[in-house]
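A short worksheet on the structure shown next.
Note: hydrogens, waters and symmetry copies are ignored here, and every other heavy atom, side chains too, is used.
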Amino acid sequence: MPTDTPQPDFILVRPQMGENIGAAARAMWNFGLDRMRIVAPRDGWPNPSAVAMASGAGRLLDEAMLSADVSDAVSDAAYVYATTARPREMTKPVFSPEDAMQDAAHRIAQGQRVAVLFGPERAGLENADVALANAIITVPVNPDFPSLNLAQCVLLTGYEWRRATEVVAAPETRMDNTDWAVHADIEALAQHYEARMEEAGFFYPEHKAPAMRQTLRNFWSRMPLTESDTRLLHGIMRQMVRWKNKGV
């Protein structure tokens with residue numbers, strides 16, 4: 001049985017290749033979606049190619065609802081979105097995938113049943129299919145090549161659903177047995193390098209030396225260094241000085 005997690009129904013309308021149905025199932029399950037409906041698949045149902053492609057998401061195919069037409073597939077939906085890359089001469093709200101899934105999450109939270117229509121691979125949804133929808137989802141793709149593979153479109157919409165309904169982890173840096181260097185660590189490193197570079201005659205000519213020192217300090221301060229980084233850089237400079245003093 002499908003999970004009881006509130007979610008939209010993803011409806012594949014007249015899909016032509018079993019492999020794409022299987023790939024769509026995998027894409028759905030990647031984002032925790034398991035309510036698949038299939039309308040009049042070209043090669044019949046069940047489809048061995050779909051099962052092979054679905055891999056670990058085969059359960060979605062076993063539990064998929066089969067419908068003869070779109071009207072039947074959306075009969076219990078309160079709000080329907082139709083995915084299309086082509087402009088349609090219809091007066092309907094047009095959403096991006098992100099906005100559509102945010103809207104869907106809001107509607108589902110209110111108790112509405114929501115469905116998303118995905119058209120066949122060759123030409124997408126027909127106008128008669130789109131006419132049954134309440135709104136359109138359009139992906140901002142390259143206008144010279146607007147066609148999306150069925151599974152790609154399902155994946156993109158599923159991803160936006162996940163973003164709309166789950167807390168997305170903030171970017172983080174995983175520290176490997178170290179901490180971020182504090183200002184005192186950076187200052188000590190800057191002084192070490194400045195002293196050795198002074199001995200090497202780096203700050204030349206003299207009238208440019210203040211600006212060069214300031215540039216060097218700015219260089220260190222804007223680098224996201226860890227304590228391990230500073231120890232490494234101190235060690236590099238000490239070894240370079242030892243190597244020079246050996247007269248090699």
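Under a hydrophobic-cluster definition in which Ile, Leu, Val, Met, Phe, Trp and Tyr are linked whenever side-chain heavy atoms come within less than 4.5 Å, directly or via other members, Leu66 and Leu61 are assigned to the same cluster. Hydrophobic clustering places Leu225 together with Phe219 (ILVMFWY residues linked when any side-chain heavy atoms are closer than 4.5 Å, directly or through intermediates). One hydrophobic cluster, built from ILVMFWY side chains closer than 4.5 Å, holds both Val241 and Phe202. Residues Met53 and Val154 are members of separate hydrophobic clusters, defined by side-chain heavy-atom contacts under 4.5 angstrom among Ile, Leu, Val, Met, Phe, Trp and Tyr. Both Leu125 and Val94 are members of a single hydrophobic cluster when ILVMFWY side chains are connected at heavy-atom separations under 4.5 Å.
Across Ser67 and Ala73, no two heavy atoms sit closer than the pair OG-CA, 3.6 Å. Of all non-hydrogen atoms in Leu156 and Pro97, the two that sit nearest each other are CD2-CG, 4.1 Å. Closest of all the heavy-atom pairs between Ala78 and Asn134 is O-OD1, 4.0 Å. The minimum heavy-atom distance between Thr138 and Thr84, with the atom names listed, is OG1-O, 3.2 Å. Here the shortest heavy-atom pairing between Ala25 and Leu60 reads O-CD2, 3.6 Å. Of all heavy-atom pairs spanning Ile108 and Pro8, the tightest one is CD1-N, 3.5 Å.
The CD atom of Gln7 lies 10.5 Å from the CZ atom of Arg162; values are rounded to the nearest 0.5 Å. Rounding to the nearest 0.5 Å places CZ of Arg217 at 10.0 Å from CG of Leu189. Separation of atoms CG (Asp62) and CE (Met36) is listed at 11.0 Å; rounding is to 0.5 Å. Note that CG of Leu12 is 5.5 Å distant from CD1 of Ile38, once rounded to the nearest 0.5 Å. One distance of note links CG of Asp9 with CG of Leu33; it measures 10.0 Å at 0.5 Å rounding.
In this structure, Asp72 does not pair ionically with Arg37, as no charged nitrogen and carboxylate oxygen lie closer than 4.0 Å. At a threshold of 4.0 Å, the pair Glu198-Arg196 does not count as salt-bridged, since none of the basic side-chain nitrogens sits closer than that to a carboxylate oxygen.
Not counting sequence neighbours, the partners of Tyr81 by the ring-ring contact (aromatic ring centres under 6.0 Å, His included) test are Tyr79, Phe95. For Trp220, the ring-ring contact (aromatic ring centres under 6.0 Å, His included) criterion is met by Tyr193, not counting sequence neighbours. Taking Asp176 as the reference, nothing meets the salt bridge (Lys or Arg N to Asp or Glu O under 4.0 Å) condition, with sequence neighbours excluded.
Residues Met101 and Ile137 meet the side-chain proximity criterion, which asks for heavy atoms closer than 4.5 Å. Counting only heavy atoms from C-beta outward, the side chains of Gln191 and Glu187 approach each other to under 4.5 Å. Counting heavy atoms from C-beta outward, Thr157 and Phe118 have side chains that approach closer than 4.5 Å. Considering only heavy atoms from C-beta on, Ile21 comes within 4.5 Å of Pro15 through its side chain. Counting heavy atoms from C-beta outward, Ile11 and Val116 have side chains that stay 4.5 Å or more apart. Put simply, the side chain of Met17 does not reach to within 4.5 Å of the side chain of Asp43, judged on heavy atoms. A 4.5 Å side-chain heavy-atom check between Met175 and Thr226 finds at least one atom pair inside the cut-off. Put simply, the side chain of Arg213 does not reach to within 4.5 Å of the side chain of Leu216, judged on heavy atoms.
The side-chain contact (heavy atoms from CB on, under 4.5 Å) with Leu117 is formed by just one residue from the set Val70, Ile136, Thr83; it is Val70.
More than 12 heavy atoms of other residues, nucleotides or ligands sit less than 6.0 Å from atom CD of Gln110. Within a 6.0 Å radius of NZ in Lys208, other residues, nucleotides and ligands contribute 12 heavy atoms or fewer. At most 12 heavy atoms of other shown residues, nucleotides or ligands fall within 6.0 angstrom of atom OH in Tyr159. For CD of Glu206, the number of neighbouring non-hydrogen atoms (other residues, nucleotides, ligands) closer than 6.0 Å is 12 at most.
Judged as a salt bridge (Lys or Arg N to Asp or Glu O under 4.0 Å), not a single pair has a partner in residues 226-237 (not counting sequence neighbours). Residue pairs satisfying the salt bridge (Lys or Arg N to Asp or Glu O under 4.0 Å) criterion with at least one member in residues 131-160, sequence neighbours excluded, are listed as follows: Glu160-Arg163. Counting only residues at least two apart or in different chains, salt bridge (Lys or Arg N to Asp or Glu O under 4.0 Å) contacts with residues 48-59 comprise Asp34-Arg59, Arg59-Glu63.
The closest donor-acceptor contact from the side chain of Glu121 to the backbone of Gln16 lies under 3.5 Å.
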Could you go through Arg107 and Arg113, starting from their C-alpha distance and side-chain angles, then the distance that decides it, and tell me whether this counts as side chain to side chain contact (heavy atoms under 4.5 Å, CB included)? CA-CA 8 Å; Arg107 292 178 182 279; Arg113 189 167 194 123; over 6 Å; no
Do Asp129 and Arg14 pass the side chain to side chain contact (heavy atoms under 4.5 Å, CB included) test, and can you show the C-alpha distance, the side-chain angles, and the key distance before you say yes or no? CA-CA 11 Å; Asp129 304 321; Arg14 299 181 297 279; 2.5 Å; yes
Show your reasoning for whether side chain to side chain contact (heavy atoms under 4.5 Å, CB included) applies to Trp180 and Asp185. CA-CA 9 Å; Trp180 292 112; Asp185 299 326; over 6 Å; no
Chi angles and distances behind the side chain to side chain contact (heavy atoms under 4.5 Å, CB included) call for Val114, Val80: CA-CA 6 Å; Val114 167; Val80 179; over 6 Å; no
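Both tests do not hold together for Arg35 against Phe10: distance to the six-membered ring centre under 6.0 Å, angle to the ring axis within 45°.
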